[in-house]
A.B. asks: 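Okay, here's the structure, questions in a sec.
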Amino acid sequence: MSSRAFAPFINPVVRQFEAYVPGRSIAEIREAYGVSRVIKLASNENPLGVSPAVREVLRQQADLVFRYPQSGNPRLVKSIAEFHHVDPARVFVSNGSDELLDLLFRVCAEPGVHNVVTALPCFGIYTTQARFAGVELRQAPLRPDFSVDLDAMLALTDENTTLVFLTSPDNPSGLAVPKEKMLRFAESLPKQCMLVADQAYVDFAREEDGGEDAFSLIPELEAHPNIAVVRTFSKSRGLAGLRLGYGILPADLVSYLWRVRLPFSVNLLAEEAGIAAMKDVAFWRETVRVVEQGRRQLEQGLQELGCNVVPSHANFISFCRPGMENAGGINEELLKQGVIARWLKSYGLPGYMRVSVGTEEENTVFLGALKAALAAC
Ligand SMILES: Cc1ncc(COP(=O)(O)O)c(C=O)c1O
């Protein structure tokens, strides 16, 4: 009998992939640096944690997890449709918005034929899932102030471009494109091309600039059939760990997405939690208020420490120390003090760090740790 180990066939595209490197966990940092208190401000999670209404629903539903969820998650779809005043036929729900983004590459582009346009740098999922789908991704560099260069994006489109991904507010800059500009951009796209507005952070848009109303494209979808909006429950709704995202998209596209989505990718607890989170308007509003306040606290604190701050419409802030090309040392010094923020090296911005807006206390601890880190570097 042969002693040769079985080597399964691996798709050559997959052979090129490196495993996703997630942010480091609280437990890992506690152990590695011997610190008792660790605060995590690296993944733009909800500063208030879990909504009490969601916690209660999860407790009640625990006995039902031996059941499959209802196919197509119709109650969740209905609650999202009601919240946004849209036709339920336009609503699609997914295992985190990541799943929807992935499906869009595979449903709306044919490998080797079509291309997709986005910005550089962009949210990492666009790059990995485009590669996995075998779809060419064309990227227009952001301007030096991190604003999106819509003209450059438009110039990259051609008769084979089927999707343009625009993240607004953007990650990691936090900058947002005003609604009118997005609409004009969508109107200028080639006729077969759909604008996908990834608006994961739009409910945090700055009040002084008009808040969510000035940036959300959902109310504009009826009049602009070539726009789709992607949203998530991971940020302002506090469900990152349950994995729940959604899109408001053209109804015919939604019907195709349902055909290929794995039947139960939105699990029973995520579904029930999502319905409860949509109803818990008080928790959602309080989250937005705490983020507005915390963002001001962080912006002011960072500026007082001599940092350059990118003005953010999201629940995070990117910043750098002027003249410092590599923030790796600052990142390390923060970790030693039990503060996990995000070093933006993987976005091609090694001089920059991104910090999520936490509670007032977490923000204060972060600013104190950063002060010490800057002094040490
Ligand atoms: C711009 C953007 N889009 C989408 C996502 C994915 O969110 P989720 O898969 O948790 O819904 C994130 C997560 O951080 C993000 O920053």
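For the single chain, residues carry numbers from 1 onward in sequence order. Both counts, for ligands and for their atoms, begin at 1 and track the order of listing.
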A.B. asks: Pull out every atom of ligand 1 sitting under 4.0 Å from any heavy atom of G96, numbered as shown with elements.
C.D. replies: 9 (O), 11 (O)
A.B. asks: Which bit of Y201 gets closer than 4.0 Å to ligand 1, counting heavy atoms only: side chain, backbone, both or neither?
C.D. replies: side chain
A.B. asks: Between Y347 and Y352 (judged by ring centroids, cut-off 6.0 Å), do the two rings come close enough to count as a pair?
C.D. replies: no
A.B. asks: Name the closest protein heavy atom to atom 2 (C) of ligand 1, giving the residue it belongs to and the distance to 0.1 Å.
C.D. replies: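 For this ligand atom, the closest protein heavy atom is D198 OD2, 3.5 Å.
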A.B. asks: Please classify the N171 to ligand 1 contact at 4.0 Å (heavy-atom distances, strictly less than): side chain, backbone, both or neither.
C.D. replies: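 Under 4.0 Å from ligand 1, N171 contributes side-chain atoms alone.
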A.B. asks: Anything under 30° is parallel, anything over 60° is perpendicular, the rest tilted; go ahead and classify F316 against Y201.
C.D. replies: perpendicular
A.B. asks: Return yes if some donor-acceptor pair links the side-chain N/O of W258 with the main-chain N/O of F92 below 3.5 Å, else return no.
C.D. replies: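 The answer is no, because no donor-acceptor pair under 3.5 Å joins these two groups.
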A.B. asks: Indicate the ring-plane relationship of F165 and F105, choosing parallel, tilted or perpendicular according to the 30° and 60° boundaries.
C.D. replies: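 Rings of F165 and F105: parallel, as their planes differ by under 30°.
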A.B. asks: Closer than 4.0 angstrom, basic N to acidic O: yes or no for E299 and R206?
C.D. replies: yes
A.B. asks: Return yes if a side-chain donor-acceptor contact under 3.5 Å exists between Y126 and T167, otherwise no.
C.D. replies: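 Judged by distance alone, the side chains do pair up.
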A.B. asks: Output the list of atoms in ligand 1 that are nearer than 4.0 Å to some heavy atom of R243, sorted by atom number.
C.D. replies: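 Once the distances to R243 are compared, the set is 8 (P), 9 (O), 10 (O).
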A.B. asks: Which option, E99, K235, Q199, owns the non-hydrogen atom nearest atom 14 (O) of ligand 1?
C.D. replies: K235
A.B. asks: Considering distance alone, does some N or O of N44 sit under 3.5 Å from an N or O of ligand 1?
C.D. replies: no
A.B. asks: In terms of atom number and element, which parts of ligand 1 are under 4.0 angstrom from non-hydrogen atoms of T167?
C.D. replies: 1 (C)
A.B. asks: Compute the minimum heavy-atom distance from S97 to ligand 1 and say whether it is under 4.0 Å.
C.D. replies: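 Yes; S97 lies near enough to ligand 1 that a heavy-atom distance drops under 4.0 Å.
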A.B. asks: Which residue owns the protein heavy atom closest to atom 12 (C) of ligand 1, what's the atom, and how far is it?
C.D. replies: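 Looking at atom 12 (C) of ligand 1, the protein heavy atom closest to it is F123 CZ, 3.3 Å.
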A.B. asks: Just by distance, no angles: are the side chains of Y33 and E28 close enough, under 3.5 Å, to form a donor-acceptor pair?
C.D. replies: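 No.
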A.B. asks: Passes side-chain hydrogen bond (donor to acceptor under 3.5 Å, both in side chains), D102 versus Q129? Steps please.
C.D. replies: CA-CA 6 Å; D102 173 55; Q129 301 324 107; 2.9 Å; yes
A.B. asks: Starting from atom 10 (O) of ligand 1, which protein heavy atom do you reach first, and at what distance in Å?
C.D. replies: S234 OG, 2.6 Å
